[in-house]
Structures are given as C-alpha cells and as structure tokens.
Amino acid sequence: MREHYEIIVVGGGHAGCEAAYAAGKMGLKTLLVTMNMNTIAQMSCNPAMGGVAKGQIVREIDALGGMSGIISDKSTIQFRMLNRSKGPAMWSPRTQNDRMQFAEEWRYAIEANPMVDMWQEMVSELIVEKDVVKGVRTQMGIEFRSEAVVLTNGTFLNGIIHIGEKQFGGGRTGERSAKGITEQLVSLGLESGRMKTGTPPRVDGRSLDYSKMEEQAGDEHPSKFSFSTSTTPTHKQRSCWITYTNPTVHEILEEGFDRSPMFNGRIQGLGPRYCPSIEDKINRFSERDRHQIFAEPEGWRTVEVYVNGFSTSLPEDVQQKAIRHIPGFEKVKLFRPGYAIEYDFFPPTQLKQTLETKAIENLYFAGQINGTTGYEEAACQGLIAGINAARKIKEKNPFILQRSEAYIGVLIDDLINKGTEEPYRMFTSRAEFRILLRQDNADLRLTEKGYDIGLADEERMRTMINRREKIETLYDLTASHKIKPEDINDKLIEMGTAEITEKTSIEKLIKRPQVSIKYPSIHKQIPKYGDFKEDELEQVEILIKYDHYIKREEETANKMSQYETMEIRSDMDYSRIKALSAEGREKLSKHKPATLGQASRISGVSPADISILMIYLGK
C-alpha cells in the first residue's frame, strides 16, 4: 500500500517519537505506526518530565539532538531544580508540563520532519524471514516493508486494566490493548514476562480547597532543559500543592483490600518498587500515619488535577470515599478513578547494546517493552534504538554510550547485563561516575557525539563550542588573577573562613566551601565578569570545587575503559574454557557479552572468571 520504508517504528509514545524523529533526522525514510494519532506522546501518568536522575537523562537526550528537552521547555508550567542543598551530582531539573500542549508539540515536531510518515492502525504481526525482520502487518492485513523495525509498545501488549474486581483489556484508559505480537515473538524464541504499573485518579481542581494545602511554587529564577537556543525559560509558572493522608484515609483504604486486585491475586506482574500504589504504601509502611500527596495541575487552561502519590487500583467507591478525607479534598469531584495496568514485557538481557534483539536481526526494542518505567527512560531508549537502526542500515558502526559517558549508558548497560524483574527506574545511585555525569555538563559530554552521527545540528554544535570556550576562559581567569589580603580579608571573615596572608588566586579561594564565584567581593576581581552567563559561572565553580573528585573518577573510568575495548566474538564457545566457573560459563553462554567490560557486569560472573577470560582473549 505504501512505498518501502527504511525504518518502521511501532508505537507513538515517548520512545516511539524519539526513535522516529532521530531516524528521520538522520536521513532515513521512516514510518511511525500508532493506534491513535491523537494520543501521540501522551503523558499517560503524571504531567511532568525530569526529576532525580531522570532530569539528567532529558538533558542527555537534548545534548545528543533529541527532542524531549525542547518539547518539555515549550510546554513547561513550572520548573524546579531538585536537590540544590546537595552536591552538584545530585542536582536534577524537573518540569511540570501542560499535558495537552506537550503532546501537541511532539505532533508538530514529527509532522515537521519530512522523512517521517505516520499511519494509524494496530500492528498485529511482524514480517520475519529467516530470523530477519522485514516489516509489519497491520490488523487490516496491510503490509509495510522495511529494513528495520523498532518496537515501542509501552503498556499495550496484552494490556489488562484493573479497577477493584473489574478488569478489561486496554493499553491505557479508553484505549484497547495490542494482541498478537507477544505470541509471535515467543514462538520465534524470545522470552516474555508480565509487569504492572498504576496511575492515580484525576480530579476537578475547582472542587479542591487549596487553603488547607501547602503551596509548592517553582524556582524564583527558572531554567530550562534544552541547551539549544530554540527555547527560553518560562516567564510564568503554576504552583503545585502538598497535603497528606491520615489514619482515617488508611482505614477506609484497608476496608477495600479484599477487593483489591493487588492483594487477591488477580495481578500477577510486579509493580514499580519506587513508585508504589497507596494501598501498597499503607500495607508495607503500616507504622506511618500519613503519606505525602501532591495536587499537580495538568496545564494552563484546564481544571484537571493529577493526584500524585495516590496511585491505586482499589474499587472506585473506595477511592472516592478515602480521598475525601484528605485535607483540601473534602468536596472533591473525580473525573476518573485510578487504575492498575498489567502488560507484557521482554527481559532486556535478550538485547544487544544497540537495543537490537539477539534472536531477530534488525528488530529493536525500546521503552516499557524492555521492563523500564518512566517517560525519560523510554525516550532515551527510543533515541538510541532509532540511532542504531539508522546506523546499521547505513552500514556504520553502532552508537554505544559507556557507563562513564552518560546515564543513558548506565541504563542500557544495566538492562542488557543485569536484566530486571520489576519496572526499572533510574537513580543517581546506579551511576558509579555520577560526578562526571552531571546535568549541567551533558552538552559538553555528548553534543559532539550527536553532531558526528548527524543528529545534533550545526546550531547546537556552535552553541556548545562557544559555551565550552567561555568556561575555559573563565577558569583560566580564576587561576591567573590573584587577590591581595587587604582586598578580601574582611569579606572572608564575614563568610566564616580564614584570612589569607599573601596574594591568592581566585581559583584557590573558590575551592573553599564558604566562598562562591558569585559573591561580589570575588567576582569584581574577575575581568569582564559580566560577559559570562549564570550557567557558565556555575560550571566553573563546580569544576574548581570538585576538581579532586572529578579527576579521581576520570582516572577510574580510564582504567575501566580497557575492559570496554576488549571485544568478545559473538560465537565464543565458553564450554572450551575449563578454568571458568560453572556459573560463569552458563551466564556468559546465555548473555553473549560483546566486550570484557560487559562480561564483568553480568550477575554470576566472578572477578576470577574475568581474569581467566582476559588471559584467554590475550592468547
């Protein structure tokens, strides 16, 4: 029915949009197939992007040339930099977004990409010939042929929605589930499993009493996600509101436990450990008499409010009765109840580092199909899958980010080596090089890589180079300019730090915890201080204060990189290496790692196994 495509992306969520946009931007004729073109890039759960570690991922997507940061900036209704009281490795940008505008902006971006076509229909089957994917077949029997296929099915594969004792098929509320693909992939040798996630009720903001809640405003001077000049920080913001559950709420919820699909065995899939439902929270943390609830506005021109912290699959009558005992919610009107959704996923240990499946050539998985949770985790997988599908078709080397280069590299490495038995969520604690992988330097780490592969454009590259040069200039100025004791000692005493006895460089003073480059007594000593932007000043201060830690992590990363460059043949026969432990042979044979570094992170492969393998590879 259509011409031959180079890449077909199945699913129009966050992973699918990034995959399709990247493939099209890199010059490949791409088809995005989605069940409903009106729900492209739908924020199915909370209307927000970023957060702890997730904000770093959005910045990395943007630095590479992806669109999630730009779309977030264009639809921002509130911006906050989280964890400012902690070290810079923990600083994490987060936006509240206008849900409808976010989806609308993504639709505009996809339509503005001339290499991307769209088709609205359910894909029911893959066209696979001799273990190589050749396209897709839709529910109406239409065939679309391609060189590669990226599956980003989200929660739609055999999705079942649970509300109390009621259950019905669906990928999310109001939308049907997708049938056929799981069964076909299992017949082709892939292993599947079940996972579960949930969402809270949506309510009418006009029925809330905000005087009984605590206001949570955005930053006084908001920033943005994208490093590009195509967006600007929001000039107005909407507040969120904080309230709490109480023992009465908990008692009412507990009364419905006998009808809860979580507790009566109807839900078999594992849910997200770090984003539990309200019934799970009061069951697991019974000693607590309250839990935090956020009332989050869904946009600029809607009264709909997202009740963050009240995710539930309890019967709708229990939900309504309990929520009305939360301060500020006494007269609340529900738009729709919360629900849980159970869906198929495929353990990601079945994937290569490129996110291509090991069993079927040119077939890529991205997003919740790999067992992850969150828009940001899905989007970065879609980006990497789209990039690698495009590069393979162009017969170019795969694009792989190491753990020391990006949170995206940590996420993919974790998935393919360790797998996951519950929805995977990114945290700063998962990254051993987090002082290197800060949100503020994502462009300096990754934009040149994005430019080299044809994704980040000239404007982004010029912006990054200009920023890097200004940071280097400012750093040099702090090292070369010295301050006399009589010009600074009074101020140092006020700052609560020791006086100096001789001329001292600005750099050395900034190393002190009490001193900042932004203090007037410091920055007035720097020539042309006014020429530097806020983010450039912040970057230099971080580089100075954390110099020791940065260098130590760089040394460790360089030592580990030798493992990453030692490649292992895909047809390696580990049974011949008798010195390996029995478990090591079994795990290595199953996972087929591409490098020694990858092998070292497989559960069950010991350091002794790695030493033996290194000697064997050397021979």
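None of these values were measured; they are calculated from a predicted model.
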Any donor-acceptor N/O pair, [X] side chain to [Y] backbone, under 3.5 Å:
X	Y	result
Lys352	Thr354	no
Glu586	Ala582	no
Lys358	Gln350	no
Lys281	Gly309	yes
Thr152	Gly11	yes
Lys394	Met26	yes
Asn441	Leu436	yes
Glu18	Ala15	no
Ser146	Ala148	yes
Glu183	Gly180	yes

State, yes or no, whether a side-chain contact exists between [X] and [Y] at a heavy-atom distance under 4.5 Å.
X	Y	result
Ile8	Val10	yes
Tyr574	Lys590	no
Leu64	Thr447	no
Gln381	Asn370	yes
Met566	Met614	yes
Asn158	Ser177	no
Tyr21	Thr30	no
Thr420	Met195	yes

Might you point out which heavy atoms bring [X] and [Y] nearest each other, and give the distance in Å?
X	Y	answer
Gly367	Thr372	O-OG1, 3.1 Å
Cys17	Gly12	SG-O, 3.6 Å
Pro88	Ile542	CB-CD1, 3.7 Å
Pro593	Ile568	O-CB, 3.7 Å
Gly170	Ile341	O-CD1, 3.3 Å
Asp609	Gly584	OD2-CA, 3.6 Å

Does one side chain, of [X] or [Y], offer a donor that lies under 3.5 Å from an acceptor on the other?
X	Y	result
Ser92	Gln56	yes
Asp73	Thr76	no
Thr312	Glu279	yes
Thr373	Arg425	no
Asp344	Thr182	yes
Thr197	Glu342	no

Next item on the list: Using the salt bridge (Lys or Arg N to Asp or Glu O under 4.0 Å) rule, take Glu538 and Arg84 through it: C-alpha gap first, then chi angles, then the decisive distance, then the call.
Entry: CA-CA 12 Å; Glu538 198 167 75; Arg84 273 289 193 181; 2.9 Å; yes
Distance check, rounded to the nearest 0.5 Å: [X] atom [atom1] versus [Y] atom [atom2]?
X	Y	atom1	atom2	answer
Ile602	Asn417	CD1	CG	5.5 Å
Ile7	Ile393	CD1	CD1	4.0 Å
Asn362	Asn388	CG	CG	11.5 Å
Thr231	Glu105	OG1	CD	11.0 Å
Gln598	Glu567	CD	CD	11.0 Å
Ile387	Ile400	CD1	CD1	12.0 Å

Before accepting this row, confirm whether a basic side-chain N of the pair [X]/[Y] lies closer than 4.0 Å to the acidic partner's carboxylate O.
X	Y	answer
Glu564	Lys559	no
Glu583	Lys587	yes
Glu296	Arg80	no
Lys551	Glu554	no
Arg460	Asp62	yes
Glu361	Lys392	yes
Glu60	Arg445	yes
Glu553	Arg434	no
Arg59	Asp443	no

Notebook entry, point to check: Do the ring planes of Phe79 and Phe225 sit parallel (below 30°), tilted (30 to 60°) or perpendicular (above 60°)?
Noted result: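 Answer is perpendicular, since the angle exceeds 60°.
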Next item on the list: Tell me whether the guanidinium CZ or amine NZ of Arg430 lies under 6.0 angstrom from the six-membered ring centre of Tyr424 and within 45° of its axis.
Entry: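 Yes, a cation-pi geometry holds between Arg430 and Tyr424.
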Notebook entry, point to check: Does Arg438 make a cation-pi contact with Trp91 (under 6.0 Å, within 45 degrees of the axis)?
Noted result: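 No, Arg438 and Trp91 do not form such a contact.
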Next item on the list: Determine, step by step, whether Phe156 and Tyr343 satisfy the ring-ring contact (aromatic ring centres under 6.0 Å, His included) criterion, reporting the C-alpha distance in whole Å, the side-chain angles of both residues, the deciding distance to 0.1 Å, and the verdict.
Entry: CA-CA 6 Å; Phe156 282 77; Tyr343 56 93; 9.8 Å; no
Next item on the list: For Arg552 and Glu555, run salt bridge (Lys or Arg N to Asp or Glu O under 4.0 Å): C-alpha distance rounded to whole Å, both residues' side-chain angles, the deciding distance at 0.1 Å, then the answer.
Entry: CA-CA 5 Å; Arg552 190 169 65 184; Glu555 288 172 4; over 6 Å; no
Would the number of heavy atoms belonging to other residues, nucleotides or ligands and lying under 6.0 Å from [atom1] of [X] be above 12?
X	atom1	value
Arg576	CZ	no
Tyr563	OH	no
Phe285	CZ	yes

Next item on the list: Before giving the answer on side-chain hydrogen bond (donor to acceptor under 3.5 Å, both in side chains), spell out for Ser68 and Glu376 the whole-Å C-alpha distance, their side-chain angles and the decisive distance to 0.1 Å.
Entry: CA-CA 8 Å; Ser68 287; Glu376 304 83 1; over 6 Å; no
Notebook entry, point to check: Mind checking what makes side-chain hydrogen bond (donor to acceptor under 3.5 Å, both in side chains) contact with Asp535, not counting sequence neighbours?
Noted result: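 Listed in chain order: Arg467.
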Next item on the list: Run the ring-centre check on Phe102 versus His14 and record whether the distance is less than 6.0 Å.
Entry: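 Centroid separation for Phe102 and His14: below 6.0 Å.
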Checklist line | side-chain hydrogen bond (donor to acceptor under 3.5 Å, both in side chains) evaluation trace for Asn558 with Ser561 | finding: CA-CA 5 Å; Asn558 289 335; Ser561 66; 5.0 Å; no
